[in-house]
Amino acid sequence: CASSQSTQPLKFTTSDSCDRIKDEFQFLQAQYHSLKLECDKLASEKSEMQRHYIMYYEMSYGLNMEMHKQAEIVKRLNGICAQVLPYLSQEHQQQVLGAIDRAKQVTPPEMNSIIRQQLQVHQLSQLQGLALPMTPLPLGLTPPTLPAVTSSSGLLSLSSILASHAHLAKEDRSSRDGAEGHREDDADKSN
């Protein structure tokens with residue numbers, strides 16, 4: 001009879017231990033699941049951050065190239081002005097030198113207004129390009145170029161312009177892809 005009593009608590013202890021192990025396992029499994037979800041979330045945030053980093057790097061590289069290009073254009077135009085200046089009369093030379101000095105004094109508010117105007121012209125050309133794809137720009141409107149920017153506020157404005165330009169180009173591309181897909185579907189239906 002004593003042996004049956006000693007086996008009884010042993011079974012209870014074993015059963016109890018198994019239940020505790022089962023509970024701990026479920027707790028660890030839930031913890032593992034939540035950590036896995038957090039790890040997946042962090043991995044997706046990391047890939048998103050890398051995508052943003054690449055986008056900003058490309059924008060920075062493009063802006064740097066554009067600034068170097070604009071600096072080279074300015075250098076060449078200054079060379080041309082210096083070559084042509086001696087052929088002008090003394091009165092015209094003074095006028096040209098004054099105009100050159102005034103052109104070199106660009107203030108940040110002027111740069112911001114120039115950037116705003118070019119953005120408006122660009123948006124107008126985008127709208128015209130969407131509405132009538134084969135029409136040229138009206139007289140007096142030229143395709144916008146990126147200006148050489150020297151102030152930090154101008155750089156911020158320019159980066160927002162680049163970002164909006166990239167967004168508009170992406171939308172334009174997706175709308176064109178959708179239109180081409182519809183044309184292909186119509187061509188398949190007609191055959």
Side-chain angles (χ1 to χ4, degrees), residues 2-71 108 111-112 114-116 118-131 133 143-191:
S3 65
S4 67
Q5 287 179 352
S6 65
T7 57
Q8 191 89 8
L10 183 64
K11 285 183 180 177
F12 175 75
T13 307
T14 306
S15 173
D16 189 36
S17 297
C18 286
D19 287 342
R20 272 193 316 223
I21 290 172
K22 182 180 172 187
D23 290 341
E24 285 179 26
F25 177 75
Q26 288 174 345
F27 173 74
L28 290 174
Q29 200 171 22
Q31 217 174 15
Y32 166 78
H33 182 69
S34 68
L35 288 173
K36 185 173 188 247
L37 288 176
E38 189 175 337
C39 183
D40 290 343
K41 179 183 170 189
L42 288 172
S44 67
E45 286 177 6
K46 177 186 170 191
S47 65
E48 184 70 16
M49 290 298 286
Q50 285 176 334
R51 191 179 68 77
H52 281 289
Y53 170 77
I54 290 170
M55 182 181 71
Y56 287 132
Y57 176 80
E58 288 173 351
M59 282 175 37
S60 171
Y61 180 77
L63 183 59
N64 190 20
M65 289 298 292
E66 187 64 31
M67 288 176 69
H68 282 294
K69 179 181 166 186
Q70 294 295 330
M111 279 309 299
N112 285 335
I114 290 169
I115 290 170
R116 236 179 272 112
Q118 288 186 346
L119 179 61
Q120 290 170 353
V121 167
H122 177 69
Q123 288 173 343
L124 180 63
S125 68
Q126 284 286 328
L127 290 174
Q128 286 179 344
L130 292 174
T145 58
L146 294 176
V149 180
T150 57
S151 70
S152 60
S153 64
L155 286 174
L156 292 175
S157 300
L158 189 57
S159 66
S160 66
I161 289 170
L162 289 173
S164 67
H165 174 66
H167 181 70
L168 288 173
K170 191 183 296 182
E171 285 180 355
D172 185 37
R173 204 174 321 128
S174 65
S175 67
R176 272 190 271 147
D177 290 345
E180 288 174 2
H182 290 300
R183 279 192 227 123
E184 289 174 4
D185 291 344
D186 293 342
D188 290 342
K189 289 178 185 175
S190 64
N191 287 337

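The structure presented is a predicted model; accordingly, all values stated were derived computationally and were not measured. In what follows, every heavy atom counts, from backbone to side chain, and hydrogens, waters and symmetry copies are set aside.
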[X] side, atom [atom1]; [Y] side, atom [atom2] - distance, nearest 0.5 Å:
X	Y	atom1	atom2	answer
Ile54	His52	CD1	NE2	11.0 Å
Leu63	Met65	CG	CE	11.5 Å
Asp19	Thr14	CG	OG1	11.0 Å
Leu119	Leu124	CG	CG	11.0 Å
Phe25	Tyr32	CZ	OH	11.0 Å

Any sub-3.5 Å donor-acceptor pair from Ser17's side-chain atoms to Thr13's backbone N or O?
->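 Yes, because the side chain of Ser17 sits within donor-acceptor range (under 3.5 Å) of the backbone of Thr13.
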Would you please name every residue forming a salt bridge (charged side-chain N to carboxylate O under 4.0 Å, His left out) with Glu48, sequence neighbours left out?
->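 Arg51.
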Quick check: are there more than 12 heavy atoms from other residues, nucleotides or ligands sitting under 6.0 Å from CD of Glu38?
->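 It does not: Glu38 CD has 12 such atoms or fewer within range.
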His33 atom NE2, neighbour heavy-atom count above 12 within 6.0 Å =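 Atom NE2 in His33 is not crowded, with 12 or fewer foreign heavy atoms closer than 6.0 Å.
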Identify the two heavy atoms, one from Ser47 and one from Ser44, that lie closest to each other, and give their separation to 0.1 Å.
->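 The answer is OG-O, 2.8 Å.
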Considering only heavy atoms from C-beta outward, does the side chain of [X] approach that of [Y] to under 4.5 Å?
X	Y	answer
Asn64	His68	yes
Asp16	Arg20	yes
Lys69	Glu66	yes

